[in-house]
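Down below is the structure, laid out as C-alpha cells.
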Amino acid sequence: MAMGVALFSSILVLSFVSPIYSLSSNYYDKTCPNAELIIANAVKNAAMKDKTVPAALLRMHFHDCFIRGCDASVLLNSKGSNKAEKDGPPNVSLHAFYVIDNAKKDLEDFCPGVVSCADILALAARDSVILSGGPTWDVPKGRKDGRTSKASESTQLPAPVFNISQLQQSFSQRGLSMEDLVALSGGHTLGFSHCSSFVGRIRSFNAAHDVDPSMHPRPLAASLRGVCPSNNRPKNSGTTMDPSSTTFDNTYYKLILEGKGLFSSDQALILAVPKTKGLVEKFAGSHQEFADAFVKSMIKMSSITGGREVRKDCRVVN
C-alpha cells in the first residue's frame, strides 16, 4: 500500500498471469540451504541500528508486488532516459534498499547467481514482521527478477486518498479480495507517514468542512495540525502510523473504529461497505484473527510473479 500521494488510474497495470515456473517452500534447499538465515541476519543487523527498517522493508515489498508483480522492479535504479519505479512519486520516500544489497552480497558469496532479489525482498518483509513481534510464515520461493521498471507505473499504486471503490478496484485487479484489502491494510500498524499523505484531511478538506468529518476532531486533527503547520513545514515532517509504530499489533484497526485512522484510505474501510467494516471490527477484537488473515493475504500477494532472471546486482539488470 502506498504511503505517498498517487493519482488513481483505472488502467490495469498488468494482467498478472502465472509464469511457467511455480513457487515452493523448499526451492533453495539444495542450491542455497542457508539463504533464509543469511537474509534474516541482514535484516536483523540493520534493524538493530535503525528501528525504521522493518516498516520500510514491508512497505517496499508491497510497492514491488503491486507493480508488475513481486519481481524486484522497485529495486532497479533509473538509467539514462528511463526513470525507474523507485523514483516515482509514491516511492521517493522508500528507504533501506541497502539492506537488500547487503543480503544479496552475502548470498552471492555463498551461492552466486542462485537467489533472486525478488525472493530476498519477500523474505525480508516476512522477517521484518517477525522482528516487530508479528507472526511468522513459510514464504514460497522461486520468484524471478524483472527487467522493466518505470516511474510512470508507480502512480497506479493504491493511494492514501483512495475511497473504498478505488481500493477495491486496485486490489481486485491483482487478484486480491476485500478480505485481503483489509488484512494487508493492517501493515500500516508499522511505520511513519509524511504530512503530504494526510494533510488534505486536516486543512481545507472541502467547501463545507475544514477537517475531514470522518476524522476524530480532537485530539487527532488538532495534533496533526501541529505536526504539519501550513507554513514553514519541515521537509520530513509527519507522524507515526499508530502509537505502537514499531510493534506489529492490531492497534491500527482499533484506531479506525475510533475515527483515528491516519489516511482517508484507512478510514474508508468502515465508511461504506458492511463487509470491510465487519472485518475491521473482527481484527480490532482479536490480534490472532488479524495475524492469521495477514499471513494468508501476504502469501497470496507475494505469489504474484512475473520476472525473468536472477540479477547479480539488485539495482541493475544482468
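Below, all heavy atoms of this structure are taken into account, side chains as well, without hydrogens, waters or symmetry copies.
- Here the OG-CG distance, from Ser172 to Leu176, works out to 8.5 Å after rounding to the nearest 0.5 Å.
- Here the closest heavy-atom approach between residue Pro54 and residue Ser128 is recorded as O-CB, 3.4 Å.
- Of the possible donor and acceptor atoms, one in the side chain of Asp145 sits under 3.5 Å from a partner among the backbone N and O of Arg311.
- The number of heavy atoms from other shown groups lying within 6.0 Å of OH (Tyr98) is above 12.
- When all heavy atoms are compared, the tightest approach of Leu262 to Arg201 is O-NH1, 3.0 Å.
- Under the 3.5 Å distance criterion, with hydrogens and angles disregarded, a donor-acceptor pair is assigned to the side chains of Thr52 and Asp50.
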Q: Evaluate the side chain to side chain contact (heavy atoms under 4.5 Å, CB included) criterion for residues Leu58 and Val129: first the C-alpha distance (whole Å), next the side-chain angles of each, then the deciding distance (0.1 Å), finally the verdict.
A: CA-CA 7 Å; Leu58 179 59; Val129 171; 4.2 Å; yes
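- In this structure, Gln169 contributes its side chain and Gln166 its backbone to no donor-acceptor pair below 3.5 Å.
- Listed by chain and residue number, His188 satisfy the ring pair (Phe, Tyr, Trp, His ring centres under 6.0 Å) test with Tyr252 (two or more places apart in sequence, or in another chain).
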Q: Show the numbers, then the answer: is there a salt bridge (Lys or Arg N to Asp or Glu O under 4.0 Å) between Lys312 and Glu108?
A: CA-CA 8 Å; Lys312 298 176 182 177; Glu108 288 298 300; over 6 Å; no
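- Although no hydrogens or angles enter the test, the distance criterion places no donor-acceptor pair under 3.5 Å between the side chain of Ser297 and the main chain of Phe294.
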Q: Begin with the C-alpha distance, continue with both residues' side-chain angles, and end with the deciding distance and a verdict on side chain to side chain contact (heavy atoms under 4.5 Å, CB included) for Met215 and Gln267.
A: CA-CA 8 Å; Met215 175 180 280; Gln267 211 57 49; over 6 Å; no
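- Here the closest heavy-atom approach between residue Gly142 and residue Tyr28 is recorded as N-OH, 4.4 Å.
- Side-chain N or O atoms of Asn250 include one that pairs as donor or acceptor with a backbone N or O of Phe283 at under 3.5 Å.
- Considering CG of Leu37 and CG of Leu123, their distance stands at 11.5 Å, rounded to 0.5 Å.
- Judged by distance alone, with hydrogens and angles left aside, the side-chain atoms of Tyr253 form no donor-acceptor pair with the main-chain N or O of Leu279 at under 3.5 Å.
- Shortest non-hydrogen contact noted between Leu167 and Ser265 is CD1-O, 3.6 Å.
- We find the OG1-CG distance between Thr240 and Asp242 to be 6.5 Å, quoted to the nearest 0.5 Å.
- Side-chain N or O atoms of Asp64 include none that pairs as donor or acceptor with a backbone N or O of Leu121 at under 3.5 Å.
- Proximity of a side-chain donor or acceptor of Lys150 to a complementary backbone N or O of Gly88 within less than 3.5 Å is not detected.
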Q: Would you check, one step at a time, whether the test side chain to side chain contact (heavy atoms under 4.5 Å, CB included) holds for Val161 with Phe198?
A: CA-CA 8 Å; Val161 296; Phe198 59 83; over 6 Å; no
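- Lys141 places a side-chain N or O within 3.5 Å of a backbone atom of Val139 that can act as its donor or acceptor partner.
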Q: May I have the step-by-step check of side chain to side chain contact (heavy atoms under 4.5 Å, CB included) for Phe66 and Ser170, ending in yes or no?
A: CA-CA 9 Å; Phe66 266 70; Ser170 180; 4.0 Å; yes
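- In plain terms, the two heavy atoms of Leu107 and Ala35 that are nearest each other are CD2-CA, 3.7 Å.
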Q | Worked verdict on Lys104 versus Asp313 for salt bridge (Lys or Arg N to Asp or Glu O under 4.0 Å) | A | CA-CA 7 Å; Lys104 180 62 172 175; Asp313 181 334; over 6 Å; no
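- Checked by atom type and distance alone, the side chain of Asn91 never pairs as donor or acceptor with a backbone atom of Leu94 at under 3.5 Å.
- Proximity of the aromatic rings of Phe290 and Phe248 is defined here by a centroid distance below 6.0 angstrom, and this criterion is met.
- For the residue pair Asp249 and Ser244, a side-chain donor N or O sits within less than 3.5 Å of a side-chain acceptor on the partner.
- The cluster map of Ile, Leu, Val, Met, Phe, Trp and Tyr, joined by side-chain heavy atoms under 4.5 Å apart, puts Leu157 and Phe97 in the same cluster.
- By the 6.0 Å contact criterion, NZ on Lys300 is enclosed, its count of non-hydrogen atoms from other residues, nucleotides or ligands being greater than 12.
- Judged as a salt bridge (charged side-chain N to carboxylate O under 4.0 Å, His left out), the pairs with a partner in residues 110-137 (not counting sequence neighbours) are, in order, Glu36-Arg126, Asp119-Arg143.
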Between side-chain atoms of residues 71-78 and protein atoms elsewhere (two or more places apart, or another chain), which donor-acceptor pairs fall under 3.5 Å?
from: Asp71; atom 1: OD1; to: Ser73; atom 2: N; distance (Å): 3.0
from: Asp71; atom 1: OD1; to: Ser73; atom 2: OG; distance (Å): 2.8
from: Ser73; atom 1: OG; to: Glu85; atom 2: OE1; distance (Å): 3.4
from: Ser73; atom 1: OG; to: Glu85; atom 2: OE2; distance (Å): 2.5
from: Asn77; atom 1: OD1; to: Lys86; atom 2: NZ; distance (Å): 2.8
from: Ser78; atom 1: OG; to: Ala84; atom 2: N; distance (Å): 2.8
from: Ser78; atom 1: OG; to: Asp87; atom 2: OD2; distance (Å): 2.5

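- No donor-acceptor pair under 3.5 Å is formed between the side chain of Ser245 and the backbone N or O of Met241.
- The shortest non-hydrogen separation linking Ile67 to Ser154 is CD1-CA, 4.3 Å.
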